[in-house]
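My questions all concern the structure below.
Note that these values count all heavy atoms, side chains included, but never hydrogens, waters or copies made by symmetry.
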Amino acid sequence: MKRTVYILLVALVFAFGCHKPEYVPSTADRQAITSLTAYFTSGKFVNQQMARLDVDDPMLERYVIPVPWFFPEESDDVTTIHMTKARVRAEIAPNCKIEPPLTILNLAAENQFLFTDSKGDQRTIIITGKRTKSSNAKAMTFDLTDPVFVEGFVNDETDEIYLFSKEDLSGCRASATPNAHSTVETNLDERKNYNEPQTVTILAHDGKTRRTYTILKKDPVSIPYGFRNKSVKPLFNFEPVSRVSFPPYTKEVYPSMAYSGRKLFVSFGDGTPVVQLNALTGVREGTLNVGSVNVAGIANDEVGNLILVEHAEAAADCKVYKMDSPASSPVLFHTFKNDTDVPLGYNVRIVGNLDEDAIIIITNEGVSTSATGKYTRITVRGGVVTETVVKDVVGLSLCWGMAPTNAAKVVPVSVNPEDGVMFSTYENPLTGELNCIKYINGNDKVAAEFKFSMITGGTEASGNYNSNCIDAKRFNNATYMAHLITSHFPMWGCGPILSVYDIASPTSIKSGSPVLSNSIEWFQTAEAGCAAGDVIIATDGFKIYIYYFDHNCGVIGGYSADCIKL
């Protein structure tokens with residue numbers, strides 16, 4: 001079962017389609033079936049939607065539900081065995097009926113029913129299914145590989161691929177990654193002159209649909225500020241337990257994520273391996289090789305460096321490791337003594353470039369006997385740690401509780417310590433305040449704040465929601481903060497909410513106006529589990545990525561946008 005929360009867009013709305021797997025009356029005036037949806041009845045995707053047929057013809061007599069050849073589409077898992085036992089539900093106009101009632105059908109057979117419209121007119125209909133190969137053809141990546149490496153920029157709006165380079169691109173070989181089950185028809189191993197326009201053709205799994213991209217060498221030109229609103233697009237959004245073998249929502253985990261080299265990494269902070277996903281498709285690609293590092297928290301900087309942090313109890317040494325890329329080995333970057341009375345390591349954030357200037361913040365978490373208001377700020381200059389300092393905001397009447405659900409995230413807003421931090425937590429044990437984001441300036445004063453409000457009715461977010469996932473990164477002269485509201489009680493209809501704010505002027509946060517907010521489809525509505533999650537921002541050349549994970553609601557996903565001037 002799955003549900004969707006919709007929230008207001010200031011700049012743009014992108015929504016993943018969602019529908020409850022029960023009968024929903026149609027608002028259409030015509031006396032007809034408007035859709036048929038098939039659901040899995042067994043296996044790891046039980047009760048999830050398998051296929052949907054939207055019906056335009058009100059007098060149709062034979063309904064063929066197009067079942068995808070593979071499910072998920074990017075997997076090699078065929079749907080043959082699920083065709084014979086699919087639960088089918090209809091969306092029909094008011095006062096119409098189907099007899100006998102729809103239940104579990106064999107979609108490999110012709111199933112006969114009697115349809116009666118609201119006027120009493122009857123006709124015999126057939127409901128069946130057909131496994132269908134995908135007609136989706138798309139280039140996921142395109143790179144020049146020899147003798148120079150140039151990462152191509154795929155523009156699906158114009159079917160063009162841009163090579164942003166001033167080098168001589170004659171006599172180059174290339175490589176491309178198509179979407180799942182598609183193939184690259186063009187011989188890219190043949191050396192070509194990419195100083196001149198070339199083409200690459202992708203053939204879809206159906207063996208008929210082709211998509212041809214024109215490859216153009218261009219000087220890189222970006223818009224003056226931030227990302228281009230029209231370029232925002234969803235990458236993936238799915239239930240990760242069945243799809244990529246994440247821990248069940250009832251297990252207590254301490255999630256953190258990071259991006260590097262087109263890979264998305266998820267650490268659960270419980271001693272299990274760091275999971276590696278394809279950052280464009282979400283497909284699981286193994287685990288990150290971290291050697292002997294016992295990873296608690298993981299994060300990325302603005303150029304693809306990774307930071308791994310080991311958990312440290314009070315008065316113990318905390319070790320911070322750096323990886324230049326997913327293919328490199330962890331190298332000890334910094335060690336410091338946790339000079340506090342509470343542990344840290346699960347929550348780490350970075351703004352800047354670890355090879356140059358950056359700020360790292362590791363937020364302490366409370367323990368069962370006490371809350372905390374402490375975080376450790378690490379300043380990096382010229383690729384070297386120059387300062388490690390413990391900050392305490394209890395004097396501002398701010399504090400938070402235990403990890404993973406009640407610990408706060410403290411995020412730097414720039415590479416300059418005097419520019420301050422953003423702070424968000426579920427509950428403030430000192431005041432009882434819930435779900436409030438605050439800007440703490442370089443003088444350690446609360447300079448701006450707002451309490452997140454639910455869009456429907458404009459009421460404040462209740463204790464059913466958890467506002468402790470934020471991240472910030474600089475991108476194309478802007479500074480963005482991503483904010484993920486996770487849920488304590490998805491079975492009550494409380495789902496995750498994602499927003500993005502421009503915090504180049506941090507005090508603007510008090511308006512509570514996001515530059516981008518999106519609906520998130522979630523998949524776990526059985527009962528309350530561990531309300532933990534994470535949200536991150538990553539930048540990669542001319543692109544910005546935002547990834548989110550709500551462990552309790554059972555969803556992981558991402559968006560991308562660019563700053564290319566078209």
Side-chain angles (χ1 to χ4, degrees), residues 1-6 15-73 78-136 237-239 242 490-491 493 495 519 521-526 554:
M1 180 177 287
K2 51 186 177 178
R3 297 173 184 250
T4 302
V5 165
Y6 291 94
F16 292 95
C18 170
H19 206 283
K20 292 170 60 180
E22 289 109 21
Y23 167 77
V24 176
S26 172
T27 57
D29 293 330
R30 57 193 174 93
Q31 309 299 313
I33 298 171
T34 56
S35 72
L36 292 168
T37 306
Y39 298 88
F40 291 96
T41 59
S42 62
K44 59 185 179 179
F45 301 115
V46 63
N47 295 328
Q48 293 189 36
Q49 180 177 311
M50 178 169 64
R52 177 184 172 97
L53 172 67
D54 291 311
V55 183
D56 295 324
D57 184 353
M59 299 306 295
L60 201 64
E61 295 182 349
R62 189 170 185 272
Y63 299 83
V64 183
I65 301 175
V67 177
W69 200 268
F70 298 100
F71 192 93
E73 184 176 328
V78 296
T79 54
T80 309
I81 60 173
H82 300 289
M83 287 282 289
T84 57
K85 291 184 178 180
R87 180 175 287 105
V88 177
R89 300 191 185 277
E91 183 182 46
I92 61 177
N95 302 316
C96 299
K97 61 181 177 179
I98 298 174
E99 297 175 298
L102 293 179
T103 55
I104 296 176
L105 302 182
N106 178 1
L107 291 181
E110 303 271 311
N111 303 280
Q112 184 172 301
F113 297 88
L114 181 65
F115 176 75
T116 306
D117 66 23
S118 63
K119 298 177 182 179
D121 296 332
Q122 296 182 325
R123 70 176 186 272
T124 299
I125 63 171
I126 299 295
I127 297 177
T128 186
K130 181 180 180 180
R131 292 182 65 225
T132 306
K133 294 182 178 180
S134 174
S135 61
N136 184 24
N237 186 87
F238 59 75
E239 191 279 307
S242 59
M491 72 287 192
S519 62
E521 180 184 24
W522 80 97
F523 301 89
Q524 194 291 107
T525 58

task: Check V64 against R62 and note the closest heavy-atom contact, atom names and distance.
output: CG2-NH1, 3.2 Å
field: Non-hydrogen side-chain atoms of I65 and M50 separated by less than 4.5 Å
entry: no
- request: Give, for atom NZ of K130 and atom CH2 of W69, the distance between the pair rounded to the nearest 0.5 Å.
  value: 9.0 Å
Over all atoms of both residues, closest heavy-atom pair of A38 and A86: CB-CB, 4.3 Å
- request: Find the distance between CG (N106) and OG1 (T128) and round it off to the nearest 0.5 Å.
  value: 8.0 Å
- prompt: Say you draw a straight line from CD1 of I98 to CG of L114; how long is it, rounded to the nearest 0.5 Å?
  reply: 10.0 Å
- prompt: Can you check whether N47 reaches F40 side chain to side chain, under 4.5 Å on heavy atoms?
  reply: no
- request: Please step through salt bridge (Lys or Arg N to Asp or Glu O under 4.0 Å) for the pair E239 and K44, ending with a clear verdict.
  value: CA-CA 11 Å; E239 191 279 307; K44 59 185 179 179; over 6 Å; no
query: What orientation do F71 and F45 show, parallel under 30°, tilted 30 to 60°, or perpendicular over 60°?
result: perpendicular
- request: Could you grab the distance from atom OG of S35 to atom CG of D56, nearest 0.5 Å is fine?
  value: 11.0 Å
- line: In terms of heavy-atom contacts, T79 and P68 come closest through OG1-O, 2.7 Å
task: Identify the heavy atoms of E521 and N237 that sit nearest to each other, and give their distance.
output: O-ND2, 3.2 Å
- request: Work out which heavy atom in F523 is nearest to a heavy atom in G554; give both atom names and the distance.
  value: CD1-O, 3.4 Å
query: Closest approach of Q524 and P490, non-hydrogen atoms and distance?
result: O-CB, 3.1 Å
Contact check, side chains of L102 and I127, non-hydrogen atoms, under 4.5 Å: yes
task: Evaluate the side-chain proximity of K85 to S42: yes if any heavy-atom separation is below 4.5 Å, no if none is.
output: no
field: Backbone of D117 reached by a side-chain donor or acceptor of R123 within 3.5 Å
entry: no
- request: Could you tell me whether the side chain of E91 reaches within less than 4.5 Å of the side chain of V55, counting heavy atoms only?
  value: no
- prompt: Rounded to the nearest 0.5 Å, how far does CD1 of I104 lie from OG1 of T41?
  reply: 5.0 Å
field: Close side-chain approach of N111 to Y63, heavy-atom, < 4.5 Å
entry: no
message: With a 4.5 Å cut-off on side-chain heavy atoms, are H82 and V67 touching?
response: no
statement: Interatomic distance, CD1@I92 vs NZ@K97, rounded to 0.5 Å, equals 10.0 Å
